[in-house]
Amino acid sequence: MPPQEGANNVIRRAVSEGFSAQTAFLADLVRFPSTRGNEHTVQDYMARAMRGRGLKVDVFDIDREAIARHPGGSRISSKHSTAPIVVGIHRPKAQRGRSLILQGHVDVVPPGPLDMWSTPPFEPVVQDGWMYGRGAGDMKAGVSAAVFALDALRRAGFDPASTVYLQSVVEEESTGNGALMTHLRGYRADAALIPEPGREMLTRANVGVLWFEIEVRGHPVHVAYMGSGVNAIDAVYRVIGALRKLETRWNEAARKDPSFGSSEHPLNLNIGRIEGGDWASSVPAWCRIDCRMAILPGIPASKATREIEETIMEFARGDNFLANNPPRITWNGFHAEGYRLEPGSDAETVLGRAHEAVTGKPLETSLATAYLDARVYSLYDKIPALNYGCFAENYHGFDERVNLDSLKRTTEVIALFIAEWCGLEPCS
Ligand code: ZN
């Protein structure tokens, strides 16, 4: 093995040499419209890609009963995905280094109104060093980085000298049950690395996320006699008002949090979807909203869900109509706690070295106010879970895009990380 700097250069050059193939692979991934429930074909593609690289491939379903029994399992409905989880397994000739989970999700959020995109969301376009498309940033680029970091080592003549699990999961965007299923399946390693888009920074702490639906039933009458009816849409607006007060209270409490204390407003309540009513001149008899709320790391999800239920019910008791027609609350997605990455782990040190070797700058950390699968590995495997990925913009919005130079750098960093964390052996 050549001296460190020489070895680094060989590996980085191998990433460069593979980068046009990596970009084509990423474009292939983006072409799959893998919104929730539609990830079967992209998972087939991932399984083929792994088999083609000589990995042993394990394809398995999310076991809904096992998920329901686990405290980190999210509530599901018929709308949740039945697509499988795919894990590619590399076993070394001799186990010498530390084992690693490389994880990414291939599910994407819906594109929204297509006329708000400059180019069609599932037809990737490269322009001025960016690739555009739904999922290009979040996080199919990261998936390509994991696959092509391993490819680069192989191109340089090496394989990891320890077990590596390459995990392609679904259900990251609404439950996190895909990641949890890899844990329930029994996969364990000494560290996990997840290349979610993250501006080439390491995530130091992450909020938990809860999803719930609220439904209010009203009393339909002709709008001419509105005084005798009860407008379910108006009633839901009043419930939202009560939840906004809870949001303010929780954000005030967040000022004392060791990680999020100086964040402006880390815990966001989002009313993400609303439907209700049947006719412009009928007082609406029903209204349903989908809500998302964040919680601080360290707060049990079950405690937070209780507080949300109590807030809604207490408000309803004081409301003329809702007192007799209490809102119905359904937990139908994320039931996920946040996590903190404790500083000082070997895994962080190794990632820091790899990052500095590629970028010339020390590794910085950031806080994440959206759900991350890293919580599974941190909370339940109790291993360092490194969330580190490239620059991307507009994910969950229009004209989502990923920066290709940043993706290349990230792939180099991941390859160098694997080389040091797992060690290397000559490939067969
Ligand atoms: Zn993501």
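Order of listing sets the numbers, starting from 1, for every ligand and every atom in it.
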Worksheet, complete the sentence: Any protein N, O or S atom under 2.8 Å from the Zn ion (ligand 1)? Found His105 NE2, Asp138 OD1, Glu196 OE1, Glu196 OE2
Worksheet item: Between His396 and Glu173, does any side-chain donor sit less than 3.5 Å from a side-chain acceptor?
Response: yes
Worksheet entry | Residues Arg340, Asp257; criterion salt bridge (Lys or Arg N to Asp or Glu O under 4.0 Å); working and verdict | CA-CA 11 Å; Arg340 296 179 219 277; Asp257 184 79; 3.1 Å; yes
Worksheet item: According to the interplanar angle, ranging from 0 to 90°, do the rings of Phe148 and Phe25 count as parallel (below 30°), tilted (30 to 60°) or perpendicular (above 60°)?
Response: perpendicular
Practice prompt. May I ask you to check if Arg75 and Trp331 form a cation-pi contact, with NZ or CZ under 6.0 angstrom from the six-membered ring centre and within 45° of the axis?
Written response: no
Worksheet item: Are Glu200 and Thr359 close enough that a side-chain donor and a side-chain acceptor fall under 3.5 Å?
Response: no
Worksheet item: Hey, what's the ring geometry for His183 with Tyr380, parallel, tilted or perpendicular (30° and 60° as the breaks)?
Response: tilted
